Amino acid sequence: MKLYEFQAKELFAQGGIPIPRGTMVTDPEAAAAAAAEIGRSVVKAQAHAGGRGKAGFIKVADAPAQAQTLAAAMLGETFKGFVISRLLIEEAVDIDQEYYLAITVDRESKSPIMICSAKGGIDIEDVAETDPDAIVSLVIDVAYGPWDFQLRDLAERAKLDPKSYRQFVDIAKKLYDVFIRNDAALAEINPLMVLKDGRMIAADAKFDIDDNALFRHEALLGLKEEAEEDPIEAEAHRQGVTYVKLPGDIGIMGNGAGIVMGTLDMVTREGGAPANFCDIGGGASEEVVRRCLSVVLMNPNVKGVLINVFGGITRGDAVAGGVLAAVSSLNVKVPIVVRMAGTRAEEGLKLLEGSALVPEGNPVEAARKIIALVKGA
Ligand code: GDP
Ligand code: MN
């Protein structure tokens, strides 16, 4: 679960990491009010994507009226596919240095790894390409956590200003605590700013929590609703449907993550564009199939659906029954191709005869059929 910057900063603040004063707002009037309270401020669009600064979604406002104008301009705009509905109004700061600090999980060492650079700010991706030596790391032993000497060594290797070492070690330790305590997959501060007055603060925040650990964090579950960007994915989650939205127009369903991914590839290879990933699971009942199909059809881009089922535990006739029930109760207007093989596939395909559904035994043919139907539509 990705958190918004303002949510991540709340966790940081709870962990004792210094952050700028700020308020999250959802309308221009509140932005003006917040700016009046804060003084010279930065208006920051909240989205689960980086690079806002470069795209004009982070702007300085000298007065409340300007904050209001900037807020009105940003709200409702789309940034990297996200419609902006929240802004963080934050005190503007006098920047001296912009560093980079992050913790993620290193698959090789199976440990948290801390990554640091003196060349932080908006161009860290370029630094990774042009000057990889400027980015240094520290693998952390979870039995002990990072030792102060390791963190000072990291700061030195990253070529931070020695005047900042003490604050850096303090913040790095606190970031590690927040990372561990919340079962994070990523905690990133970019820029980790040194201000003109020498203070070090987390000026930006990215935080990603391992979904498999969410059950251990009652308090964070409250953020989930708010953090979830896509309304269809949110609804799928509420209904217990495994669904990921994709940019295309062909809805995809299958029984198992492998066959669904294979189907996505097949449709793409045949020239189509999948609109989602949706796994109905093994042994899916009629009710589950109906629920999955209703979620898939929530996406207005969907012009056709391909259902690809290989019956092992899952029975073809049960899937066919579920699809037929769903189609009649959901008032489906788009074409649906059903490919089946395995347990009771013949019975399943027979059930579909005479319906509006297109049965098909061969998976590649099924992909071609739905693509043709969608293109013809
Ligand atoms: P990002 O572009 O989405 O990563 O957003 P950031 O919060 O990192 O902001 C981008 C850049 O805005 C920073 O690297 C700063 O150079 C610049 N900036 C200018 N003034 C401020 C300020 O007062 N606060 C913050 N957070 N950023 C500022
Ligand atoms: Mn940033």
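Position 1 is the first residue of the sequence; numbering continues from there. Every number for a ligand or one of its atoms is a count from 1 in the order of the listing. Model, not experiment: these values are computed from the prediction.
If you check which protein heavy atom lies closest to atom 15 (C) of ligand 1, you get Glu98 OE2, 3.0 Å. Nearest protein heavy-atom contact of atom 28 (C) of ligand 1 is Met193 CE, 3.9 Å. In this structure, the protein non-hydrogen atom closest to atom 2 (O) of ligand 1 is Gly53 N, 2.9 Å. Scanning the protein for heavy atoms near atom 11 (C) of ligand 1, the closest one is Ile122 CG2, 3.6 Å. Ranking the protein heavy atoms by distance from atom 12 (O) of ligand 1 puts Ile58 CG2, 4.1 Å first. The protein heavy atom nearest to atom 4 (O) of ligand 1 is Asp204 OD2, 3.1 Å. Scanning the protein for heavy atoms near atom 22 (C) of ligand 1, the closest one is Val42 CG2, 3.4 Å.
Contact check on Asp208 versus Lys2 returns no salt bridge, with no Lys/Arg side-chain nitrogen under 4.0 Å from an Asp/Glu carboxylate oxygen. Salt-bridge formation is detected for the pair Glu270/Arg368: a Lys NZ or Arg NE/NH1/NH2 atom is positioned less than 4.0 Å from an Asp or Glu carboxylate oxygen. Comment: Arg238 engages Glu235 in a salt bridge, judged by a side-chain N to carboxylate O separation of less than 4.0 angstrom. Remark: Lys369 engages Glu360 in a salt bridge, criterion side-chain N to carboxylate O under 4.0 Å.
Taking every heavy atom of both residues into account, Ala185 and Thr104 meet most closely at O-OG1, 2.9 Å. Here the shortest heavy-atom pairing between Ala275 and Gly248 reads CB-O, 3.3 Å.
Within the 4.0 Å heavy-atom criterion, both parts of Val93, backbone and side chain, lie near ligand 1. Residue contacts with ligand 1 for Asn190 involve N, CA, C or O but no side-chain atom from C-beta outward (heavy atoms, distance under 4.0 Å). With a 4.0 Å heavy-atom cut-off, ligand 1 is reached by no atom of Lys54.
To the nearest 0.5 Å, the span separating OG1 on Thr242 from CZ on Phe277 amounts to 7.0 Å. In this structure, CD in Glu347 is found 12.0 Å from CG in Leu352, a value given to the nearest 0.5 Å.
Taking any N or O of Ala92, backbone or side chain, none lies under 3.5 Å from an N or O belonging to ligand 1. For ligand 1, none of its N or O atoms has an N or O atom of Glu5 under 3.5 Å away. Between Gly50 and ligand 1, no pair of N/O atoms sits closer than 3.5 Å.
Inside a sphere of radius 2.8 Å centred on the Mn ion (ligand 2), the protein N/O/S atoms present are Asn190 O, Asp204 OD2.
One option in Ile124, Ile95, Ile189, Asp123 has a heavy atom closer to atom 19 (C) of ligand 1 than any other, and that option is Ile95. Here the shortest heavy-atom distance to atom 1 (P) of ligand 1, taken over Gln46, Arg52, Lys206, Lys44, belongs to Arg52.
Shown here are the ring-ring contact (aromatic ring centres under 6.0 Å, His included) partners of Phe57, two or more places apart in sequence or in another chain: Phe79.
For residues 160-178, the pairs satisfying side-chain hydrogen bond (donor to acceptor under 3.5 Å, both in side chains) are Asp148-Lys173, Asp170-Lys174, with sequence neighbours left out. Listed by first and then second residue, the salt bridge (Lys or Arg N to Asp or Glu O under 4.0 Å) pairs that reach into residues 41-65 are Glu5-Lys44, Glu5-Arg52, Arg40-Asp62, Lys44-Glu90, Arg52-Asp204, Lys54-Asp123, sequence neighbours excluded.
For the pair Leu293/Val295, no side-chain contact is recorded, criterion being any heavy-atom separation below 4.5 Å from C-beta on. Counting heavy atoms from C-beta outward, Ile171 and Met200 have side chains that approach closer than 4.5 Å.
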